[in-house]
Every structure is written in C-alpha cells, then in structure tokens.
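Everything on this sheet refers to the single structure shown next.
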Amino acid sequence: MKKVITYGTFDLFHIGHLNILRRAKALGDYLVVAVSTDEFNLIKGKVCTYPYEQRAEILKAITYVDKVIPENNWEQKISDIKNNEIDIFVMGDDWKGKFDFLKENCEVVYLPRTEGISTTEIKNQIRE
Ligand code: C2G
C-alpha cells in the first residue's frame, strides 16, 4: 500500500484544496492530511476563520482523505513520515524546494497550485 501525506491549514475549504487532495490521493492508496492547529497557524502568521476542529472535521468527510492528524510545528514532518510509513510527501508548488530535505525519507512531489483561488482572496471578496 502506497501512503501519501500532505500538510496545510485548509481554512475556508475551496476547490484549490480539493484539487490537491484528489491529486495527492491519486499518487497512492492512502492519504494522511496534517492540519495546522490554531496555535501553529499563529506561528505561520495566519488567523483562521474556521477553528481547527471544524477544519479537521471537513477534511475527514472528504473521500480522498483516509486520516487527519494535527500539525503542531515545523519540525514534525520526518517523524510523521516514519510513524505513518509514508512513501510520498506532497505539497503545492508554492512550497517548491522548501521540503527537499525530506527526500532522504520519502518521495517529495510539488503539484501546481489551482489558479485564481485562495483563502486570502475569498476573505477579501467577502469584505468588499
Ligand atoms: N493550494 C493549492 N491551490 C490553491 C490554494 C492552496 O494547490 N489555490 C494548496 C497549497 O499549495 C497547499 C494546500 O493547498 O499544498 C493547503 O494550502 P494552505 O491551507 O494555504 O496551506 P499552507 O498554509 O501552505 O500550509 O507545513 C506546511 C504548511 O502547513 C502548509
């Protein structure tokens, strides 16, 4: 069984999130999604609209997603990969190169982002 992992905030869930989850799952048989906790998001400089519990529940309801774990810090990826026996790490290509250090532990794949949508844009449109 080929296992895939991806990380993110997934706030105000949108088609760009769904696209990367679908494509990540298509690379293997089992997809783990590590969702940034509210505390970690503050470290990332993000304030979430949906709290962690809701973001995690939404992800658990998605057919492509097999397991949801919390992302508490930048340092947990190698242990996550080992503990979950991950074969492929996937991120959108806005992160291209940033996680190449994981190549000693698993395959690293950066997928093109979905154009024209982002949580920030959604927030701006709602404000207008
Ligand atoms: N994404 C995408 N297309 C978009 C928006 C997002 O493909 N239009 C992808 C991102 O590239 C990322 C995933 O969806 O792979 C989740 O995006 P965010 O919730 O913005 O995650 P981010 O804040 O980048 O957190 O340790 C890694 C971080 O937790 C990543």
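For the single chain, residues carry numbers from 1 onward in sequence order. We count ligands from 1, going down the list as the structure has it; atoms in each ligand are counted the same way. Given the structure is predicted, the values throughout are model-derived calculations rather than measurements.
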Quiz item: With a 4.5 Å limit on heavy-atom distance, are the side chains of Glu107 and Asp87 in contact?
Solution: no

Write none if no such pair exists; otherwise list each N/O atom of ligand 1 with its protein N/O partner under 3.5 Å and the distance.
unit_1	atom_1	unit_2	atom_2	d
ligand 1	3 (N)	Thr114	N	3.1
ligand 1	8 (N)	Thr114	O	2.8
ligand 1	8 (N)	Ile117	O	2.7
ligand 1	11 (O)	Gly92	N	3.4
ligand 1	11 (O)	Asp94	OD1	2.7
ligand 1	15 (O)	Gly92	N	2.9
ligand 1	19 (O)	Thr9	N	3.0
ligand 1	19 (O)	Phe10	N	2.8
ligand 1	20 (O)	Lys46	NZ	3.1
ligand 1	21 (O)	Thr9	N	3.4
ligand 1	23 (O)	Thr9	OG1	3.4
ligand 1	23 (O)	Lys44	NZ	3.4
ligand 1	23 (O)	Lys46	NZ	2.5
ligand 1	24 (O)	Trp95	NE1	2.8
ligand 1	25 (O)	Lys44	NZ	3.0
ligand 1	26 (O)	Glu71	OE2	2.5
ligand 1	26 (O)	Lys77	NZ	2.8
ligand 1	29 (O)	Ser36	OG	3.4
ligand 1	29 (O)	Lys44	NZ	2.9
ligand 1	29 (O)	Glu71	OE1	2.6
ligand 1	29 (O)	Glu71	OE2	3.4

Quiz item: Given side chains that start at C-beta, do those of Val35 and Ile69 come closer than 4.5 Å, heavy atoms only?
Solution: no

Quiz item: Considering only heavy atoms from C-beta outward, does the side chain of Thr119 approach that of Thr9 to under 4.5 Å?
Solution: no

Quiz item: Does NZ or CZ of Lys77 fall inside the cone over Tyr7's six-membered ring, less than 6.0 Å from its centre and within 45° of the axis?
Solution: yes

Practice problem: Show your reasoning for whether side-chain contact (heavy atoms from CB on, under 4.5 Å) applies to Thr49 and Ile122. | Solution: CA-CA 11 Å; Thr49 301; Ile122 294 169; over 6 Å; no

Quiz item: Just checking, Lys3 and Tyr30: is the charged tip under 6.0 Å from the six-membered ring centre and within 45° of the axis?
Solution: yes

